[in-house]
Participant: 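Below: one structure in structure tokens.
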Number of protein chains: 2
Amino acid sequence: MSKQELPVVGQGAGVADCCPGLLTAPLDGDRAAELATVFKALGDPVRLRLLSLIASRAGGEVCVCELTPAFDLAQPTISHHLKLLRQAGLIASERRGTWVYYRLVPEATDRLAAVLTRPAEPGPTAAAARPADTAGSGPAEPAATAGAVS
Amino acid sequence: MSKQELPVVGQGAGVADCCPGLLTAPLDGDRAAELATVFKALGDPVRLRLLSLIASRAGGEVCVCELTPAFDLAQPTISHHLKLLRQAGLIASERRGTWVYYRLVPEATDRLAAVLTRPAEPGPTAAAARPADTAGSGPAEPAATAGAVS
DNA sequence: CTTCTATCTTGACGTTCTTCGATTCACGGC
DNA sequence: GCCGTGAATCGAAGAACGTCAAGATAGAAG
């Protein structure tokens, strides 16, 4: 197998430095589309359980014949979900004899975890920490009048 | 505002111990549905950029009047996406005067990052590290009988 | 070569999502 | 009390998604 997957997760070199994180800088359109593809692949309970079953396996590989009977779904449906996960770069497939084995791509999940991780938190509890300099730099003129409205 | 959000991210107490991670254990159906809701909220480029814009703001709050003109989309559409993000527990809204301000819920993204983080990696480089004991422990009987099927 | 098993692909159907225009609600100013 | 502005809701059109039945493909066994 191993057709062309979308290189959305960029498992090549220089992965860590290209992605400063979703929560740090305002994410341009291209990167948003790339990340949305991966997150959309995770946005389904069946695919989430498939990925969990594959990732939690000790040997790192699961046969399709083990995944199908766990889901009350037809085999083509499972195959379709596996294809979406593979196109998102989250899993990889390998044919061995009659059976096809799927394994996790750790770089993909590592990258997603890094994208969702905040770099550093100046506020201690991260709640109710809202300094008043908001009106000075960011939210432009409406925030400047926010203190006088009521 | 602050209607009821779906408690999918569980920002109450005992959050960290209830979720051993997506990649560790095989995820039951209920938790898969909960997580899928949050990931589905992230599975759209517009919502991803909205979240990024909100999270990367210094003061932690962004007015809707700043988000709308950044997207070439109608204002009801932005409002709809913000509602989905809020229902997923990723952001929270607060009305101040005429304007409504959105801020990130850090517990939500922290939890997602934890869910996507692998607990311990026996392989050092995590790539091309696949020992031959795969057939012995993991993939159960189909792999064991791979040499003599029927 | 034939047959069988395991998996993927194709085509179709119903559901859900994204987007918009029009309307409605909330709040402040007059 | 009335009007203007900012934001949410409602209803609808179009696209995308999830699911399955049927057929096609790859490999092993006889």
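Naming convention: chains lettered A, B, ... in sequence-line order (proteins, then strands); numbering from 1 in each chain. Being a predicted model, the structure only gives us computed values, none of them experimental. Note: hydrogens, waters and symmetry copies are ignored here, and every other heavy atom, side chains too, is used.
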Participant: Grab the two heavy atoms, one from A:Cys65 and one from A:Pro69, that are nearest each other, plus how far apart they are.
Facilitator: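 Shortest heavy-atom contact: O-CD, 3.1 Å.
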Participant: Between the two end axes of the helix from C:dC1-D:dG30 to C:dC30-D:dG1, each built from 5 base pairs, what angle do you get to the nearest 10°?
Facilitator: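 Both end axes considered, the difference amounts to 20°.
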Participant: Whole angstroms only, please: what is the CD-C1' distance between B:Glu94 and D:dG6?
Facilitator: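 In whole Å, D:dG6 C1' and B:Glu94 CD are 16 Å from each other.
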Participant: If you look at every strand shown and take non-hydrogen atoms under 4.0 Å, does A:Tyr102 touch a base, only sugar-phosphate, or nothing?
Facilitator: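 Result for A:Tyr102 = sugar-phosphate.
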Participant: Indicate for each nucleotide in nucleotides 18-25 of chain D, in 5' to 3' sequence, whether protein heavy atoms under 4.0 Å reach the base (B), only the sugar-phosphate (S), or nothing (-).
Facilitator: SBBBB---
Participant: Check A:Thr68 against A:Gln75 and note the closest heavy-atom contact, atom names and distance.
Facilitator: CG2-CG, 3.5 Å
Participant: Nearest heavy-atom pair of B:Arg95 and B:Gly97: which atoms, and what distance?
Facilitator: NE-O, 3.4 Å
Participant: Give the rounded distance in Å between these two atoms: CZ of B:Phe71 and C1' of C:dC20.
Facilitator: 17 Å
Participant: For A:Asp72, give me all partners under side-chain contact (heavy atoms from CB on, under 4.5 Å), at least two apart in sequence or on another chain.
Facilitator: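 For A:Asp72 there are no side-chain contact (heavy atoms from CB on, under 4.5 Å) partners, ignoring immediate neighbours.
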Participant: Below the 4.0 Å mark, does C:dA6 have OP1 or OP2 next to a side-chain nitrogen or oxygen of A:Thr98?
Facilitator: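 No, because none of the side-chain N or O atoms of A:Thr98 sits under 4.0 Å from OP1 or OP2 of C:dA6.
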Participant: Tell me: CD1 of B:Ile91 to P of D:dA8, nearest whole Å?
Facilitator: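 One finds 9 Å between P of D:dA8 and CD1 of B:Ile91, rounded.
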Participant: Would you mind reading off the distance between B:Leu82 atom CG and D:dT9 atom C1', rounded to a whole angstrom?
Facilitator: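 Rounded to the whole Å, the gap is 14 Å.
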Participant: For A:Ser56, which residues count as a side-chain contact (heavy atoms from CB on, under 4.5 Å) partner, sequence neighbours excluded?
Facilitator: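 side-chain contact (heavy atoms from CB on, under 4.5 Å) check on A:Ser56 returns B:Pro26.
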Participant: Just how far, in rounded Å, is P of C:dC20 from CD1 of B:Ile78?
Facilitator: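 My rounded result for the distance is 8 Å.
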Participant: For B:Ser93 and B:Arg86, work out which heavy atoms get closest and say how close.
Facilitator: OG-CD, 3.5 Å
Participant: Whole Å only: how far is the CG atom of A:Leu85 from the C1' atom of D:dC17?
Facilitator: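 In whole Å, D:dC17 C1' and A:Leu85 CG are 14 Å from each other.
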Participant: Test side chain to side chain contact (heavy atoms under 4.5 Å, CB included) on A:Leu112 and A:Leu35; report intermediate values, then the result.
Facilitator: CA-CA 8 Å; A:Leu112 283 188; A:Leu35 282 175; 4.0 Å; yes
Participant: Tell me: OH of B:Tyr101 to C1' of D:dA7, nearest whole Å?
Facilitator: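 Value for this atom pair: 13 Å.
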Participant: Given side chains that start at C-beta, do those of A:Ile54 and A:Leu82 come closer than 4.5 Å, heavy atoms only?
Facilitator: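 Side chain of A:Ile54 against side chain of A:Leu82, heavy atoms only: contact under 4.5 Å found.
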Participant: What about A:Phe71 and A:Ile91, same hydrophobic cluster or not, with Ile/Leu/Val/Met/Phe/Trp/Tyr joined at side-chain heavy-atom distances under 4.5 Å?
Facilitator: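 Same hydrophobic cluster.
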Participant: Figure out the CD/P separation between B:Gln87 and C:dT16, and round it to whole Å.
Facilitator: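 Interatomic distance, CD of B:Gln87 to P of C:dT16: 15 Å.
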Participant: Return the polar atom pairs (N/O with N/O) between nucleotides 11-14 of chain D and the protein under 3.5 Å, or none.
Facilitator:
none

Participant: Quick one: side chains of residues 40-53 of chain A, donor-acceptor pairs under 3.5 Å with protein atoms, not counting sequence neighbours, listed by atom name and distance.
Facilitator:
unit_1  : atom_1 : unit_2  : atom_2 : d
A:Asp44 : OD1    : A:Val46 : N      : 2.9
A:Asp44 : OD1    : A:Arg47 : N      : 3.4
A:Arg47 : NE     : A:Ala41 : O      : 2.7
A:Arg47 : NH1    : A:His81 : ND1    : 3.1
A:Arg47 : NH2    : A:Lys40 : O      : 3.2
A:Ser52 : OG     : B:Leu22 : O      : 3.0
A:Ser52 : OG     : B:Ala25 : O      : 2.7
A:Ser52 : OG     : B:Leu27 : N      : 3.3

Participant: In chain order, what residues pass the side-chain contact (heavy atoms from CB on, under 4.5 Å) check against A:Asp30, with sequence neighbours excluded?
Facilitator: A:Asp28
